[in-house]
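A short worksheet on the structure shown next.
Note that the coordinates shown come from a computational prediction; the quantities given were computed from them, not determined experimentally. All ligand and atom numbering here is 1-based and tracks the order in the structure.
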Amino acid sequence: ASALTFEQVTARYAPGAATALQDVSLEIPRIGHTAIVGPSGAGKTTMFSLLLRFLNPESGRLVLDGIPLNEWSLEDLRRRIVYVEQDTPLVPGTLRENLRYTHQDATEETLWEALRAVRLDERVHELPEGLDTVLSTAVISGGERQRIALARALVSTPEILLLDEATAQLDGLTEAAVHDVIARVARTGAVLTIAHRLSTVIDADQIVVLESGAVRARGTHTQLLSTD
Ligand code: ADP
Ligand code: ADP
């Protein structure tokens, strides 16, 4: 069964502007990892914008669990579809508050499990205030901030995780964390990545190749190589 479907979706940012997506139909399975690849301007980010309802389709529709996306309340939608962008802002406050942001009653065990997955557990043990450390750029680096955003997504156990892999060079730990988070969430839910790394594409269950707003090819890495 599909969690999410794009049904002949066409989108543009302004009347008269070129279409950012043109007649895209796509099924995203309930479980597993779908990687979206394609050149700059292909429409990858637009797919995310539609899923988050930052943008409405001009024609066609998106359907989540059999219900058109525009009929969901935003509150329910934000619980089901979690987005980790390239530079996810942290909320002012402590590490614990950040990790619990979308899941207030997460247990300590869950928080540490998520921190282990993103390779931050040892680092947090070293901080004088541990989980109660107030986050600031003086305390954490950019890569660590990205890993906190990933840990927060893990804590909320999303049904659908949207992940825009940073195009900038990630440090090794952050790259490993991204990989691990994708694998973990994809065991119980759907992960949709804008993929920039070959390793991510190779490991994906489904690759969608976008070009000029249209789906040019779809399949596993092996399938795409053999039909090229
Ligand atoms: P994505 O595939 O995630 O949508 P893009 O392929 O559009 O990203 O862009 C790749 C990188 O190049 C991003 O970090 C983006 O900020 C940067 N970039 C895109 N377009 C421009 C531009 N016209 N000038 C400078 N940087 C750009
Ligand atoms: P990608 O993420 O694959 O780089 P985008 O989805 O960002 O591609 O862009 C698809 C098309 O929509 C491009 O032609 C781009 O110029 C256009 N576009 C993207 N964002 C905007 C925007 N905010 N306003 C107007 N046009 C946009």
Side-chain angles (χ1 to χ4, degrees), residues 2-29 32-64 68-70 72 74 77-78 80-89 142 146 149-150 153 158 160-170 174-175 178-179 181-182 185-186 190-221 223-225 227-228:
S2 299
L4 259 178
T5 52
F6 283 70
E7 298 178 356
Q8 297 183 287
V9 170
T10 292
R12 69 179 96 222
Y13 286 88
T19 52
L21 286 180
Q22 179 76 49
D23 208 23
V24 166
S25 294
L26 187 65
E27 294 186 2
I28 295 153
H33 172 201
T34 297
I36 308 168
V37 298
S40 192
K44 305 182 295 294
T45 311
T46 302
M47 287 182 65
F48 278 18
S49 300
L50 290 164
L51 286 169
L52 294 162
R53 286 213 343 230
F54 296 156
L55 180 70
N56 290 314
E58 177 181 273
S59 62
R61 58 178 200 167
L62 290 89
V63 179
L64 170 63
L69 209 63
N70 59 356
W72 287 88
L74 270 187
L77 208 57
R78 296 285 179 261
R80 278 158 202 265
I81 306 182
V82 169
Y83 174 41
V84 178
E85 52 195 311
Q86 290 190 13
D87 279 299
T88 303
Q146 184 69 0
L150 288 164
I160 298 166
L161 174 66
L162 308 184
L163 186 63
D164 190 349
E165 290 196 314
T167 43
Q169 282 296 327
L170 291 184
T174 304
E175 185 154 357
V178 166
H179 218 255
V181 167
I182 292 171
V185 177
V191 182
L192 196 57
T193 55
I194 294 177
H196 293 283
R197 277 158 245 287
L198 187 60
S199 60
T200 301
V201 175
I202 289 174
D203 290 347
D205 302 301
Q206 166 176 243
I207 301 167
V208 175
V209 183
L210 270 191
E211 229 175 81
S212 306
V215 177
R216 292 287 175 228
R218 215 186 99 176
T220 62
H221 189 248
Q223 286 166 348
L224 291 179
L225 281 182
T227 55
D228 202 23

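- For the pair Ile194/Met47, no side-chain contact is recorded, criterion being any heavy-atom separation below 4.5 Å from C-beta on.
- Close approach of ligand 2 to Thr45 (heavy-atom distance below 4.0 Å) involves ligand atoms 1 (P), 2 (O), 6 (O), 7 (O).
- Under 3.5 Å, the side chains of Thr10 and Glu58 contain no donor-acceptor pair of N or O atoms.
- Proximity to Lys44 (heavy-atom distance under 4.0 Å) selects the following atoms of ligand 2: 1 (P), 2 (O), 3 (O), 4 (O), 6 (O), 8 (O).
- Residue Ala18 places no heavy atom under 4.0 Å from ligand 2.
- Relative to atom 23 (N) of ligand 2, the option among Tyr13, Phe54, Phe48 with the closest non-hydrogen atom is Tyr13.
- The shell of residues lying under 4.0 angstrom from ligand 2, judged by heavy atoms, includes Pro39.
- Remark: side-chain polar atoms of Gln146 are paired, donor with acceptor, to backbone N or O of Glu85 under 3.5 angstrom.
- Under a 3.5 Å cut-off, the side chain of Arg53 and the backbone N or O of Leu74 do not form any donor-acceptor pair.
- Formation of a donor-acceptor pair under 3.5 Å by the Arg61 side chain with backbone atoms of Thr5 is not found in this model.
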Next item on the list: Go through the steps to decide whether Val181 and Leu161 satisfy the test side chain to side chain contact (heavy atoms under 4.5 Å, CB included), and finish with yes or no.
Entry: CA-CA 10 Å; Val181 167; Leu161 174 66; 4.0 Å; yes
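- Under a 4.0 Å criterion applied to the non-hydrogen atoms of Ala42, ligand 2 contributes the atoms 1 (P), 3 (O), 8 (O).
- Residue Gly43 has at least one nitrogen or oxygen atom sitting less than 3.5 Å from a nitrogen or oxygen atom of ligand 2, judged on distance alone.
- In summary, the atoms of ligand 2 found under 4.0 Å from a heavy atom of Thr46, numbered by their order in the structure, are 5 (P), 6 (O), 9 (O), 10 (C).
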